[in-house]
Amino acid sequence: MHPEGTMSVLDASVEIVEPTFDRPESTEPLTTPLLVGTRVSLVYRGSPLPLQVESIERLGTSFVGRIRDAAADMPLVRFRPKDVASID
C-alpha cells in the first residue's frame, strides 16, 4: 500500500486498456478522493466491475486500476472519476 496521496509508477510494459464505461446512475460528483488502494466499482456493459486503484495519472483526473479477484495476467484498466459508480 502506498502512503496516502502518493502516486505509484507503473512499469511501461504493463498493458492498460481504456474501455467505455456505462454512465453511473448517480450524477453527483465524488466527495471522497481516490487514492492508491481505494476500491471502486464501475459499470461495464450493465455489469459491475470492481477495481482497486493502482496508479493516479494526470493530476487526479485519470486513474488506473486492477480488476479485483481476477487473474494476474489481466490488463489494468484506465478510468476517470465520472466513471465511478461507487466507492467500496
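- Cluster membership check: V43 does not share its hydrophobic cluster with V84, using side-chain heavy-atom separations under 4.5 Å among Ile, Leu, Val, Met, Phe, Trp and Tyr.
- Summarising the geometry, atom CG belonging to L76 is positioned 12.5 Å from atom CD belonging to E18; distances are rounded to the nearest 0.5 Å.
- In summary, R80 and E57 do not engage in a salt bridge, as defined by a charged side-chain N under 4.0 Å from a carboxylate O.
- No side-chain heavy atom of P50 sits under 4.5 Å from any side-chain heavy atom of R39.
- Considering only residues two or more places apart in sequence or on other chains, R23 meets the salt bridge (charged side-chain N to carboxylate O under 4.0 Å, His left out) condition with none of them.
- Using a 4.5 Å heavy-atom cutoff, the side chains of I87 and T38 are in contact.
- Note: T61 OG1 to K82 NZ = 11.0 Å, rounded to the nearest 0.5 Å.
- Partners of P19 by side-chain contact (heavy atoms from CB on, under 4.5 Å), not counting sequence neighbours, listed by chain and number: V17, F21, Y44, V77.
- The shortest heavy-atom contact between A85 and P24 is CA-CB, 3.8 Å.
- When the salt bridge (charged side-chain N to carboxylate O under 4.0 Å, His left out) test is applied to R68, the partners found at least two apart in sequence or on another chain are D88.
- Contact check for I56 versus L34: no side-chain heavy atoms found under the 4.5 Å cut-off.
- Listed by chain and residue number, L30, F63 satisfy the side-chain contact (heavy atoms from CB on, under 4.5 Å) test with P81 (two or more places apart in sequence, or in another chain).
- Here the CG atom belonging to D83 is positioned 9.0 Å from the OG atom belonging to S62, to the nearest 0.5 angstrom.
- Remark: D22 engages no residue in a salt bridge (charged side-chain N to carboxylate O under 4.0 Å, His left out) (not counting sequence neighbours).
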| field | Derivation and outcome, side chain to side chain contact (heavy atoms under 4.5 Å, CB included), residues F79 and V53 | value | CA-CA 10 Å; F79 64 96; V53 176; 4.0 Å; yes
